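Below: one structure, written as structure tokens.
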Protein chains: 2
Amino acid sequence: MPPQPPHPSSAVPSPVGARPPTILDVARAVGVSKSTVSNVVRGTVGVTPETRARVLEAVSRLGYRPNVVARQLVLQRTNVLGIVVGDLANPFYAEMAKLIERCAAAEGFRVMFCNTEVADEIDITGLESLVEHRVAGVVFLSYLAGSERARQLVDGHMPAVFVTCHADWGDVVAGDDRHGAWLATEHLLSLGHRRIAYFADPIAEDPADRERQSSFVATMRRAELRPVVLRRASAPGRVMRDGKEATFAEVLRGMDRLTAIFAANDLTAVEVLDAADRLGIPVPEQLSVVGFDDLMLARLARINLTTIAQPKATLARLAVQTIAARIRGEMTGARVRQIVDFTLVVRGSTAAPAD
Amino acid sequence: MPPQPPHPSSAVPSPVGARPPTILDVARAVGVSKSTVSNVVRGTVGVTPETRARVLEAVSRLGYRPNVVARQLVLQRTNVLGIVVGDLANPFYAEMAKLIERCAAAEGFRVMFCNTEVADEIDITGLESLVEHRVAGVVFLSYLAGSERARQLVDGHMPAVFVTCHADWGDVVAGDDRHGAWLATEHLLSLGHRRIAYFADPIAEDPADRERQSSFVATMRRAELRPVVLRRASAPGRVMRDGKEATFAEVLRGMDRLTAIFAANDLTAVEVLDAADRLGIPVPEQLSVVGFDDLMLARLARINLTTIAQPKATLARLAVQTIAARIRGEMTGARVRQIVDFTLVVRGSTAAPAD
DNA sequence: TTGAAAGCGCTAACAT
DNA sequence: ATGTTAGCGCTTTCAA
């Protein structure tokens, strides 16, 4: 669409006026040296109240704002954190991104986002750009192990923290996925379910997903039950079971006669709810569903999903505190794994099986 | 929670090694001058293929990456866009943020987010920080008119574009809220509804909300019907009607005997669905609901919300193209308003009224 | 085709 | 208490 005619009341917008005043402009206006202005601006001691007042007056009169770029160059460090996130449109990452931005601001850091899926070995231009901007550290909200190029770029150059994901070359802040999956599976078992399937995340089968899956399998085996693992097939409404494609209906009603499904995350769980609705299978009467993440969406009356809640605010806080401590050099030595607890949130999508 | 003991296999992480190589390191390694390296790195003409090859070899051997901070200082401009967003946890903003980040990357810009609610005259430290970082331009995803301080900070210093929000001092890329509201209201009218209410956004009653509301009122008046306007009260399940507080049930079943509600946005619409569900009022049989935005969540089978779709990808693209053109000086002169079309998406939350 | 040198705006050590 | 000065890493004339 071509630009519309100008708005009636429009003025010429910001001719992106003369360059913003520098510290030298202020110094000249007051009749002092750059250093004095610098000292006032940075709030260091040793400036006469009277000089300080004159400087501050000029600062506000000229609208002076320190040029962070110049400061960063001379200080050899930035106050910018790089945030690598796989998909901001995924509410889980969006919530985490917001929390991290808030915590970072509280610690005096700005954030630069990069929506590149680091899974992609090919396109890590986003990360490269972050590194070229000399971000003080990188927070990975998603990271697929074995991204050697990503590691080369960051490791040894700046601190990295992995939040709800894992790598062996940086600090990790994550939940205990094995425990979470155990909570979910145990909840279903204690309700009396025996024929339970795990529905893997069709998008990113990352280490977290694999942990959840293997913990589900182990828990089922311990109960002497046969674990079934499903994943979405190419076509909607179709799933893969043991490498063989089938319809959702076949799996649910067929030989497995499933009474419960534990989904890798809430988004996947909602897909399961949708499929069940379409097939006329009532939840939770005929099918119990458990999700993972406790997205806002799981709380909606119409969804009302039993799920495993991640303490997002805690994860974000720990991640930012950790990387801030590394950046400030307050924390040195071996990398650290901080594991937070998941909790089971029982809502309306689970009940005792009918048979 | 205190840091856990180090991971068994942990090595000391990135001692944040020696400073990254500079252009001078490369120059010395090859035995040429800084300028030559600079010319090679930036791909300018006039370098012997042979020298170029030797420089590139050293670049990759030393792992040299240009320092964008230094480049920005000398060039007197950055390739960073500031994005001001009210609430990243709101899926609409999250989706827009993602799209804008993607478009910006395609145009060669990085983005720096700032989750400050610009409504807040008090806390615009986020915007201040963006300005101090000398971002090349600011994209406002939410802006409440009258934020004089925000205007002071940005106007006249760098280009600004307002996406799905409005201000009279920058370019605007938005949908036609009046038309969208007309589409929604007309849809309900054509289904036969006569007693329809508008449910205002309880959070941010911004200009877009007011446009939708006044268009709803005008459309109703044109049909010689009485427009009802509701907004959420302090307590859940309670609403304000004409300044008087009432329960949702009273409003729906009481004197207004509403058969349809047009909500300011999808999130508000979902609140209405929740309330109706709790009251045992079937949707759409007893109550039709229309939302606005077409969030991913509106598509879920369990929500299945009739709504007005914003062309988010188009909005993001136009916004980034516009600000990029301003930054590059390709676009000068009066500010521009680009208005995109909304479309009605009919789903299962609307039907003809029962009576 | 390549090199030397100035300078972007700021901080910090040192001098006054 | 304030001023002087030397860079931070890079781009960009201008010379060679």
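This structure is a prediction, so every number in the text was calculated from the model and none was measured. All chains are named by letter (A, B, ...) in the order of the sequence lines, taking the proteins before the strands, and each is independently numbered beginning at 1. The analysis underlying the following values was restricted to heavy atoms, covering all of them including side chains, and did not include hydrogens, waters or symmetry mates.
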query = Any side-chain donor-acceptor pair under 3.5 Å between A:Thr48 and A:Arg52?
reply = no
Charged N to carboxylate O below 4.0 Å: is that the case for [X] and [Y]?
X: B:Asp171; Y: B:Arg337; value: no
X: A:Asp25; Y: A:Lys34; value: no
X: A:Arg71; Y: B:Glu132; value: no

So, do [X] and [Y] sit near enough that their side-chain heavy atoms are less than 4.5 Å apart?
X: A:Val139; Y: A:Val163; result: yes
X: B:Gln338; Y: B:Thr322; result: yes
X: A:Val138; Y: A:Leu81; result: no

Compare every heavy atom of [Y] with every heavy atom of [X], then report the nearest pair and how far apart it is.
X: B:Arg134; Y: A:Pro20; value: NE-CG, 3.8 Å
X: B:Asn115; Y: B:Gly86; value: ND2-O, 2.8 Å
X: A:Val47; Y: A:Val40; value: CG1-CG2, 3.8 Å
X: B:Arg110; Y: A:Ser129; value: CD-OG, 2.6 Å
X: B:His133; Y: A:Val69; value: O-CG2, 3.7 Å
X: B:Val26; Y: B:Ala58; value: CG1-CB, 4.1 Å

query = How are the rings of B:Phe140 and B:Phe162 set to each other: parallel, tilted or perpendicular (split at 30° and 60°)?
reply =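 Ring orientation, 0 to 90° scale: parallel.
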query = So among B:Gln321, B:Arg317, B:Arg328, which one has a side chain to side chain donor-acceptor pair (under 3.5 Å) with B:Glu107?
reply = B:Arg328
Near DNA chain D, counting only heavy atoms under 4.0 Å, which residues of [range] show up?
range: residues 48-55 of chain A; answer: A:Thr48, A:Thr51
range: residues 26-42 of chain A; answer: A:Gly31, A:Val32, A:Ser33, A:Lys34, A:Ser35, A:Thr36
range: residues 59-81 of chain B; answer: B:Tyr64, B:Pro66, B:Asn67, B:Ala70, B:Arg71, B:Val74, B:Leu75

request  = To the nearest 10°, let me know how far the axis at one end of the helix from C:dT1-D:dA16 to C:dT16-D:dA1 is tilted from the axis at the other, five pairs an end.
outcome  =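 Helix axis angle between the two ends: 40°.
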request  = Give a yes or no on this: more than 12 heavy atoms of other residues, nucleotides or ligands lie within 6.0 Å of atom CZ of B:Arg77.
outcome  = no
ask   = Going 5' to 3' on DNA chain D, which nucleotide is the first and which the last to come under 4.0 Å of a heavy atom in chain A?
value =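 First and last nucleotides in contact are D:dA1 to D:dG9.
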query = Just how far is it from atom CZ of B:Arg151 to atom CH2 of B:Trp169, taken to the nearest 0.5 Å?
reply =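 Nearest 0.5 Å value for the CZ-CH2 distance: 7.0 Å.
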task = Identify the 5'-most and 3'-most nucleotides of DNA chain C with at least one atom closer than 4.0 Å to a non-hydrogen atom of chain B.
result = C:dT1 to C:dG9
